[in-house]
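Below is one structure; the comments refer to it alone.
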Amino acid sequence: MQAAILSFPGSNREQDAEYALAHVGFSCQIVPSHSAADFSGVDVIVLPGGFSYGDYLRSGAIAAKLPIMHDVRRAAKAGRYVLGICNGFQILTESRLLPGALRMNTGQLFVCRSVKLNVARNDSAFSHLYQPNANLDIPVAHHNGNYFADPDTLEQLEAEERVIFRYGDNPNGSMHDIAGIRNSADNVLGMMPHPENAALAHHQSQDGLKLFASLAARIGS
Amino acid sequence: MTEYRIAVQVSLRPDILDPAGRAAEKSLQSMGFAARDARIGKTITLTLDAADAAEAEAKAEQMADQLLANPVMENCSITVTPRM
Amino acid sequence: MTEYRIAVQVSLRPDILDPAGRAAEKSLQSMGFAARDARIGKTITLTLDAADAAEAEAKAEQMADQLLANPVMENCSITVTPRM
Amino acid sequence: MNRAPLLKDTDFRQRAPELGLKDNETETILEIQGRLPTECELGIFSAIWSEHCSYKSSRAWLSTLHTSGDVVIHGPGENAGVIDIGDNQAIAFKMESHNHPSFIEPYQGAATGVGGVLRDIFTMGARPIATLNALRFGDPEHPKTRHLLRGVVAGISGYGNSFGVPTVGGEVNFDPSYNGNILVNTMAVGLLDQDKIFLSAAAGVGNPLLYVGAATGKDGIHGASMASASFADDAEVKRPTVQVGDPFMGKVLCDASLALMRSGLVVAVQDMGAAGLTSSSVEMASKGRVGVKLNLDHVPQRASDMSAFEIMLSESQERMLVVLKAGTEEAALKVHADYALSTTVIREITDTNRLEVVQHGACYADIPVDALVNNAPLYHRPYTLKEPEAPFLCQALSAPQPPPLETLKALFGNLNLASKRWVFEQYDCLIRSQTLITPGGGDAAVVRIPEHNKAIALTSDCMPAYVFRDPEMGGMQAVVESWRNLIASGAKPLALTNNLNFANPEDPRIMGQIVGAIKGISQACTALNYPVVSGNVSLYNSTGDDPILPTPVIGGVGLIEDQSFVRGSALSEGQHLVLLGTTEGHLSGSRYLEQLGIKETAAPPPINLEAEQRNGYKVIELIRENHIQACHDVADGGVLLAIAEMCLGKGVGITLYPSFTGAEWFAEDQARYLLATNDLEGLTTALRSYDWQLLGRAEGDSLVLSEGDSVTINTLQEIFEHALPNYLR
Ligand SMILES: Nc1ncnc2c1ncn2[C@@H]1O[C@H](COP(=O)(O)OP(=O)(O)O)[C@@H](O)[C@H]1O
Ligand SMILES: [Mg+2]
């Protein structure tokens, strides 16, 4: 199983993602974002956390305009899995691979803490190993994690059952407590919390591990 | 070619709550100013060469659409002034 | 008392580094726009009651000085328009 | 080559003091140069001889610190201290202040403080793995305090989180003495291999000198000197401007620098910190006993009209100087191109031992480096040591005193003791995926070393109220408290860095505080074999005539050889709680008296270094033999507060047996630890011949005193957690 972890200038959780992916059996390569990429041998593309381009202008906005995002879009169309975590989620919305936008937290402060995360759907490639409605402890670490979409989009997301994770104790003002959503083909997931920081034996929680394991199981089967 | 100074004013769509504006408003009020309806937007200013004002404006609009504003949540308005 | 709409434009002083402006400019350039000297400022708009425009402007200046801008690194300019 | 105009004698004598130079220093410049200097030369002298760069008031005393030991690879003098943690690995660490800039512009001041100390770390070839910050603000009700607190914390958060280094610990305190002069001290910690340490000594005549990173602008020109103003005709242009941090560039600079160092092309590296290009080039030349020739025309510039003086003294951020092996320029530029980082050759290393600065074909400075460095002023400033008063013990308090639980609640609501969650939740403490103990979880932060079973513990400590009452005892106390915090988290203390924040050293009483504190630090370090490997001195911290409390902050690093030794401070249901150490009832400088509004200046709790060693080494052993499962040192606030803090961790209550009464609960005697155990018998057997007492057993949901008074842990939790957010609402 092959994972490609994109590294944009200013990404900083590439290695955190690699530790968790490697733990469930992926072999990982870190792919710099400055040239075109060939994802044909890759099972999952990960857009990691961080501050791509300093998060200047808007989080994820500048990274979303890079040519490599065309390759990501093509790979997603071809059915490869794409996982955007935190800044990765912001890049996915800015590049319209997922709907909506991530605004500044209502509290206006960066927030790093463990949150209660509810698995709203466990029928996804990214969540099928979780119990239905499982409650997880997973940390967030972001300044712009407040999910926003217009009413029609929200309605559509709910109707199509595309909200995969919801906050139990909403840390940022996200609409509908949205913490993570998928595309309709269920191969692209964006989420603000950091499952890779709740995955290893020495972490305070291991509740994020099943996300990576779900993917591994789906790809391996 | 003329040099144009472009200002792109980006503001949150009016139907969207602006917590930063609210916070500034509250601080102002606690300092004794009876300010209300405060909103915070941003202004990107830049210089551009173009044949005429119409071209400058068209380019500015493209820049705003493609990068400077996110239509999911933001509106923008553009002013173009030739640079002397 | 009249209602006034106040806009306080806060921009970094020209000799101060603006990393966000730089990043936006570079991105625009790599998208094919020949933009230069990009700077990002913010605009605070709010509503205020005052006897006349002069009072509104004076109050706006105080607000800018005391909270909205830090004069060691920012300049600001104020526009006041009566609200119809 | 033409020489830039020399200053006229009258201009020289007028400008020198404006740049902070004293008369005798001005004369020395004339002697060294054998003529009047150029404006640029004068700027260089004043920067290198500023208090900040030359340590002219403190150097004589700093040399008395204990700086050697088995673990020390590089002590003070390099960009950061470096210590041995086994397996050919080392830790580089350092603390730096950014006090004055943070008062002027809290966000950028604090942010650039973080950026600066991170550069000190990666300049040595180390990957930054953690930062801490020690913050001191004025009276909470002072009109500026909220704004400064918000701005500083946001600045640290903004820089550190984006750079991608976990901020894992620190301290936040309030005292009116900081009203006009806050303290913002940041500690950075990096990991590197012992055979890949980079130093700043330049070498190799003819080797190219590389300028890496951000362009030079008119930022913080001459920030290193206390120069007030007006070098020029146009005051607006020359007004010292604020430095703006660019964490994105900082991270790119770090990644690219480490890559370049791995490439084998690099001879020496130096970051541009205070006094920018001046101090970095002088330092590289001086350490390597070589000369440096700079062509300023090749220095990337943000403004078009910068003078040689401005370029040499700019404190623009995110810049480094690198000496390359001859002929490797192309290869180096290629490494940097991969990171989209701009790099330029700005000339070379020479054999002249002179600093030569060229701009527009003219020579703007030509100074002998050895004379510049060796003749830096050194002052043995007069000092008066404060005679400590008699101690203040519990017995001296007149009855009646408030019920202990009322005091406990009041203390938890005191911003100095309340939860700092509002602060540390703004810091990403998890990035890198290696943090084992996060803020609030234990006495020290603990960060794992990847691919090993070991970890390091980190802490920062100081009790200014003690230092004020007895500088020597207070200096010692800061050292032993950091030592205890490391031990309580499961570590063996290795070494420390320090940030000595004091007021005006020209006042003999303040100089006495400096001397006393350094003596105390030195004694404690020697006794505990806990050397100082790096540090920083920040003087002239006062508002008008009001000095800050003397604040020598200690940043400690310890090693946990095996992750199973890591201990948090949270008590678990069923555990027994034991106090190790002796309680005599010292109250001076305590939070208790502060809370009661009792003003005194009596001697602070004394430090007994033998008792510290005896108890500290015992706790190290108890943890390794797994006799204790959680541990917490008793610090300000005393035993009852420390017990309550242990209860808050997991929300478990405790029933206390008869032990202390009244004010004794809040005494701040030193060398004490709270030990939580599942196996009381094993622990007490191991503690035979130690002074200990059994305090209680963890159960229920309340803290219950033996007299029957009780308070629910929930109540305490609410007071503790809400104090700071309510204050900032
Ligand atoms: N500025 C800060 N940054 C990060 N963590 C902080 C800061 N201030 C306090 N903390 C954390 O809050 C907790 C409590 O701080 P403090 O009361 O000073 O601890 P202690 O008394 O145990 O040394 C510690 O874990 C400390 O690291
Ligand atoms: Mg403490």
Side-chain angles (χ1 to χ4, degrees), chain B residues 1-12 14 18 20-51 55-70 74-80 83, chain C residues 1-12 14 18 20-51 55-69 74-81 83:
Chain B
M1 281 298 199
T2 317
E3 248 188 7
Y4 288 91
R5 196 73 194 142
I6 313 277
V8 181
Q9 289 262 12
V10 180
S11 55
L12 215 51
D18 176 9
R22 280 288 279 284
E25 177 178 310
K26 273 199 190 155
S27 297
L28 287 170
Q29 287 167 353
S30 72
M31 294 163 73
F33 298 102
R36 52 185 191 277
D37 306 334
R39 317 261 310 162
I40 302 186
K42 62 186 168 213
T43 312
I44 300 109
T45 53
L46 50 88
T47 305
L48 201 65
D49 294 329
E55 187 193 316
E57 182 143 358
K59 276 197 190 160
E61 249 161 44
Q62 286 170 25
M63 290 190 281
D65 276 3
Q66 290 174 35
L67 181 72
L68 301 177
N70 182 346
E74 293 166 334
N75 287 337
C76 70
S77 74
I78 292 169
T79 29
V80 171
R83 199 158 186 179
Chain C
M1 282 297 199
T2 317
E3 247 188 8
Y4 288 91
R5 196 72 193 144
I6 313 277
V8 181
Q9 287 263 10
V10 180
S11 57
L12 279 172
D18 178 7
R22 280 288 282 283
E25 174 181 312
K26 278 202 185 152
S27 178
L28 288 170
Q29 288 167 353
S30 67
M31 292 163 75
F33 297 103
R36 53 182 190 277
D37 306 334
R39 316 269 301 168
I40 303 186
K42 61 181 177 222
T43 314
I44 301 106
T45 52
L46 50 87
T47 304
L48 200 67
D49 294 329
E55 186 193 316
E57 182 143 358
K59 276 196 190 159
E61 248 161 47
Q62 286 169 25
M63 290 190 281
D65 275 3
Q66 290 172 35
L67 182 77
L68 304 176
E74 292 167 333
N75 288 335
C76 69
S77 75
I78 293 169
T79 29
V80 171
T81 24
R83 200 155 185 181

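Keep in mind that the numbers below use all heavy atoms, side chains included, and drop hydrogens, waters and symmetry copies.
Scanning both residues, B/Arg5 and C/Arg36, for their nearest heavy atoms gives NH1-O, 4.5 Å.
Of the listed residues C/Leu48, C/Val10, C/Thr43, the one with more heavy-atom pairs under 4.5 angstrom with chain B than any other is C/Thr43. Per-residue counts of heavy-atom pairs under 4.5 Å with chain B were compared for C/Ile6, C/Thr45, C/Ile44; the largest is that of C/Thr45. By number of non-hydrogen pairs under 4.5 angstrom with chain B, the leading residue of C/Glu25, C/Lys42, C/Arg39 is C/Arg39.
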Identify each donor-acceptor pair in which a side-chain atom of residues 60-70 of chain B lies under 3.5 Å from a protein atom, sequence neighbours left out, and give them as a table.
from	atom 1	to	atom 2	distance (Å)
B/Asn70	OD1	A/Arg96	NH2	3.1
B/Asn70	OD1	B/Val72	N	3.0
B/Asn70	ND2	A/Glu94	OE2	3.3

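Taking non-hydrogen atoms and a 4.5 Å limit, the residue list of residues 26-35 of chain C in contact with chain B, ordered by number, reads C/Ser27, C/Leu28, C/Met31, C/Phe33, C/Ala34, C/Ala35.
Between the CG atom in C/Asp37 and the CZ atom in B/Arg83 there is a gap of 6.0 Å [rounded to 0.5 Å].
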